[in-house]
Structure formats: structure tokens, C-alpha cells
Peer 1: 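The structure that follows is given in the form of C-alpha cells.
Computed from a prediction, not measured in an experiment: that's the story for all the values here.
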Amino acid sequence: MGGLNLGRVFGVRIAADWSLFVALWLVAVSLALGSFPVWHPEWGDGLRWAIACIAAVLLFASVLVHELSHALVARSYGLEVRSIHLFVFGGVANIEREPETPRAELAMAIVGPLTSIGLGVVFLALGGWLARLGGDPERLMRDLGPTATLLFWLGPLNLFLGLFNLLPGFPLDGGRVLRALLWRATGDLQAATRWASLSGQAIGFVLVFAGMAMIFGARLPWFGTGVVSGLWISVIGWFLASAAAMSYRQLVIMHLVEGVPVRRLMRRDVAAVPPTLPVARLVDDYLMRSDQRAFPVISGDRLAGIVCLEDVRVVERDVWNDIEVGTIMTPAAALETVSVDDELTVAMRAFSRKDVEQLPVVDGERLVGVLRRRDILKWLELQAPRGERPVQPRPA
């Protein structure tokens, strides 16, 4: 999970995808040029844009609080949470593995919507207190000050966020609640995920068709009508349907590799190079004479690092004879490694953390082989049930 690093909250890394900034801009423009001139024609351009930008940031801060609630509950059940990733559709808490019990799944899933609904209620209550409700409702928005306007805008949006996430379609929170209940009833996580995933795909396609209807003039409750709104709803529906199908395939894959040791698929006959080897010899004797793109660097019998084609490309060709591999390699401390006794599930999570094509397999600090992503995928193609198409899992 890449993205711009925004810091850490409760030890969890917060990252922002570039699409988040597009969403922030769209929200700010919509408020500054659309809603605020209607609600507050007396506001100047500077005030409208300032409040619009603050509103956009607070909206995604609310999404961050929603995801942090998932992360904190996950930690209470002993699950590692590496990061929270904010993007155009909201946020994702990157929890390293699935919960081990239906109870843990239910608690982790329900806390997010309840947090958003709670935020919505608090914002509306504060806004009502600031606005001294009791006057003419039609004049309410026009008479509100900047702070009360923000609260009355954020309140309903958080309520909607909480209620939308309760839709019973995986991987929405409501879909995870459904999966937890089905898991508890059947005792079969894979079957529960399959039915929750099918529900998520169905809801996603309903949203796609609803959005298309809005584009052609239909007016729907809550969503309204129009080309822009309809296109947005359709995109969200397509995203949900795709994520639901992908989530089920990922679970199938993790079940296939569960219990399979790394030693079964690793390659022992991997070419390695010393750190003192000139880059020119690395190119001529290794890169050009094999289909390997990355080579372990061995100092004595210890793994010192890995050097790959991309490392060579950053070095000027006329100094290849003067530069040693040890100066351009990625050191061992920065690498993801796996042990020969680890299960493939551990390796799959390591591949998710680092977008690499192979992992060194070590016994202590001694290199014993290499595990390649393509070998795992080839094995999955042979093991997957007919009709299932294996895909490399991505972070949850």
C-alpha cells in the first residue's frame, strides 16, 4: 500500500492515494460554487472557499475516524493493522489477516458504521445548539453561521456514510456483519464469504443500474437525478461489485495455500553474487545469461541484500566497471524475507507488503532459496477449483 504518508495515529500509518486529493477538490468546488452560494448568498468568495476546504478535510477526517475504529477493535482481538489508506471512495484499514472468530468479525465490522452514525448525531446536536433551533425551518440554512453550517452539512453525511456501510454486501461493513452471522450459523467461513460476496455483487449491480437510470432522467429517493450524480453512483456500484468478487477469490486463494510450507515451492538452485562483483560483470555474466531479474548478494554464507535490473539502470554505463554490486544493492535489512518453515500464507502477506517478484528464503541469516511470485501463481492455477481464476491477493 503506497500513497503519500500523512503520519501515524495510535501507531497506525495513515496514507493518502492521489485520488483522495481529487475527491477533496470535487467536494470543495461543489460546496463553494454550488451549495454555499444558495444557502449563504451574503458570504464572500474568500469565506465560501475557506469553509468549503475545511468541510472537505473534515469529511475525510470523519472517514479516518471510521477506519480507526475498525483498526482499534482489530487490535483488541490481536490482529495487526499496518496502515489506513484514504482514497476517492473513502478509506481502507489494512488488516493483515482475517479474524479468527465470527464474534471478532462482527465486532470489527459493526463498529465503523456505529462510529459514523454517532459522529452524525453529535454534529447535528452541536449544530442545533449553535443555531438555537425553533425558528422558521425554511430560513434555517440561510441564518446559520459558518460553524453551524459545517456541522449541519457533516452530520447528515456521516449518518449516510454509516447507513450506506450497513448495506449487507461484502466487503462493506454490513456485508461483513452478514458474513459473521452466516459464519456463526454454518461454521464455514468460505461459504459465508461466498454468500456475502454474492450479496455485495448484487447490490453493486443495483447501484450501477440505478445510476444509469439517473443519467437518463430518473429521480431516486436519497440520490436524486442528473448525469454527474448518476455516473458517480454507477462507479461506486461497479467498484463494490468488483471488490466483492475479488474478496471471495482472495479468500479461496488463502485457503488453498494454508498449510503449504514455503520449502515446497521455493527454488534452491538460485544464482547469487558477491557484494564485490563489478556491475559490468553482473550485467554480462548474470543478467544477460539467465532469465533472473534479481540476484541475492551473499557475503560469506550470509544474505547481504538483493540486486536487480532496476538497480543497474540507475548507474551510468561508463562507470559499470568501477561500481561494485554492494553499493547499489538493496540491503537485507530493507528486504521482506520468509523462512523455510513458514506457510505460504505468510509469503502472500509479504508479497502484499512489498510489490516484488521474489522473496529470499532464509534460515537465520543464511540464504537457502528464493520464492517467486509466478511459481505461486502457477501452483494456484493447478490447485484452484474448476471455474475459479486465481489472482494475487491485495491488501484488505
Peer 1: Can you tell me how far apart CZ (Arg8) and CD1 (Ile84) are? Round to the nearest 0.5 Å.
Peer 2: 11.0 Å

Peer 1: Could you tabulate the donor-acceptor pairs under 3.5 Å formed by side-chain atoms of residues 321-333, not counting sequence neighbours?
Peer 2:
residue	atom	partner	partner atom	Å
Thr327	OG1	Glu324	O	2.7

Peer 1: Sub-3.5 Å donor-acceptor pair from the side chain of Trp49 to the main-chain atoms of Ala32, do we have one?
Peer 2: no

Peer 1: What's the separation between atom CG in Leu161 and atom OG1 in Thr115, rounded to the nearest 0.5 Å?
Peer 2: 10.0 Å

Peer 1: Taking Gly230's backbone N and O only, do any of them form a donor-acceptor pair with Ser234's side chain (distance below 3.5 Å, no angle check)?
Peer 2: yes

Peer 1: Enter the distance from Cys53:SG to Leu58:CG here, rounded to the nearest 0.5 Å.
Peer 2: 11.0 Å

Peer 1: For Leu124 and Gly155, which heavy atoms make the closest approach, and how far apart are they?
Peer 2: CG-CA, 3.9 Å

Peer 1: Are Ile215 and Phe209 connected into the same hydrophobic cluster when the rule is that any two of I, L, V, M, F, W, Y join if their side-chain heavy atoms are below 4.5 Å apart?
Peer 2: no

Peer 1: Just verifying a value: how many Å separate Met266 CE and Arg372 CZ, rounded to the nearest 0.5 Å?
Peer 2: 13.5 Å

Peer 1: So Asp188 and Thr186, side-chain hydrogen bond (donor to acceptor under 3.5 Å, both in side chains) or not? Walk me through it.
Peer 2: CA-CA 5 Å; Asp188 188 337; Thr186 64; 5.8 Å; no

Peer 1: Within the structure provided, determine whether Tyr248 and Gln190 are in side-chain contact (heavy-atom separation under 4.5 Å).
Peer 2: yes

Peer 1: Quick check: closest heavy atoms across Ala244 and Ser197, and the distance to 0.1 Å?
Peer 2: O-OG, 2.6 Å

Peer 1: Could you walk me through whether Trp153 and Trp39 pass the side chain to side chain contact (heavy atoms under 4.5 Å, CB included) test, one step at a time?
Peer 2: CA-CA 11 Å; Trp153 181 77; Trp39 297 343; 4.0 Å; yes

Peer 1: Step by step, work out the salt bridge (Lys or Arg N to Asp or Glu O under 4.0 Å) result for Asp45 and Arg48.
Peer 2: CA-CA 5 Å; Asp45 289 342; Arg48 282 201 300 267; 2.3 Å; yes

Peer 1: Run the numbers on His66 and Asn158 for side-chain hydrogen bond (donor to acceptor under 3.5 Å, both in side chains), then give the verdict.
Peer 2: CA-CA 10 Å; His66 175 114; Asn158 275 277; over 6 Å; no

Peer 1: Can you give me the closest heavy-atom contact between Leu31 and Ala52, atom names plus distance?
Peer 2: CB-CB, 3.9 Å

Peer 1: Hey, is the main chain of Asp284 close enough, under 3.5 Å, to the side chain of Arg289 for a donor-acceptor pair?
Peer 2: yes

Peer 1: Please name the pair of heavy atoms, one in Ile306 and one in Ala294, separated by the smallest distance, quoted to 0.1 Å.
Peer 2: CG2-CB, 4.1 Å

Peer 1: For the pair Trp183 and Thr193, evaluate side chain to side chain contact (heavy atoms under 4.5 Å, CB included) and give the outcome as yes or no after the intermediate values.
Peer 2: CA-CA 8 Å; Trp183 184 7; Thr193 304; over 6 Å; no

Peer 1: Show your working on side chain to side chain contact (heavy atoms under 4.5 Å, CB included) between Val307 and Tyr286 and close with a plain yes or no.
Peer 2: CA-CA 11 Å; Val307 64; Tyr286 292 88; over 6 Å; no

Peer 1: Check this for me: Trp232, atom CH2, are more than 12 non-hydrogen atoms of other residues, nucleotides or ligands nearer than 6.0 Å?
Peer 2: yes

Peer 1: Between Thr101 and Ala104, is there a donor-acceptor pair closer than 3.5 Å when you use the side chain of the first and the backbone of the second?
Peer 2: yes

Peer 1: In Å, rounded to the nearest 0.5 Å, how long is the span from OG of Ser30 to CH2 of Trp25?
Peer 2: 10.5 Å

Peer 1: Evaluate side chain to side chain contact (heavy atoms under 4.5 Å, CB included) for Ile110 paired with Asp173, printing each intermediate quantity in order.
Peer 2: CA-CA 6 Å; Ile110 198 66; Asp173 296 332; over 6 Å; no

Peer 1: May I ask you to test the Val262-Val340 pair for a side-chain heavy-atom distance under 4.5 Å?
Peer 2: no

Peer 1: Look at the side-chain heavy atoms of Ile, Leu, Val, Met, Phe, Trp and Tyr, link any pair under 4.5 Å apart, and say whether Leu335 and Val368 land in one connected group.
Peer 2: no

Peer 1: Same cluster or not: Ile95 versus Phe10, using hydrophobic residues (I, L, V, M, F, W, Y) connected whenever any side-chain heavy atoms lie under 4.5 Å apart?
Peer 2: yes

Peer 1: What are the two closest non-hydrogen atoms of Ala93 and Glu67, and how far apart are they?
Peer 2: N-OE1, 3.3 Å

Peer 1: Which heavy-atom pair separates Leu159 from Ile117 by the least distance, and what is that distance?
Peer 2: CD2-O, 3.6 Å

Peer 1: What's the separation between atom CH2 in Trp320 and atom CG in Leu282, rounded to the nearest 0.5 Å?
Peer 2: 9.0 Å

Peer 1: Using a 3.5 Å distance criterion without hydrogens, assess whether the side chain of Asn165 forms a donor-acceptor pair with backbone atoms of Gly162.
Peer 2: no

Peer 1: Below 30° counts as parallel, above 60° as perpendicular, anything between as tilted: where do the rings of Phe87 and Phe239 land?
Peer 2: tilted

Peer 1: Count I, L, V, M, F, W, Y as connected when their side-chain heavy atoms are under 4.5 Å apart, and connections chain through other members. Are Val57 and Leu157 then in the same cluster?
Peer 2: no

Peer 1: Pair Glu357, Arg293 - check salt bridge (Lys or Arg N to Asp or Glu O under 4.0 Å), show working.
Peer 2: CA-CA 9 Å; Glu357 291 303 317; Arg293 295 174 59 89; over 6 Å; no

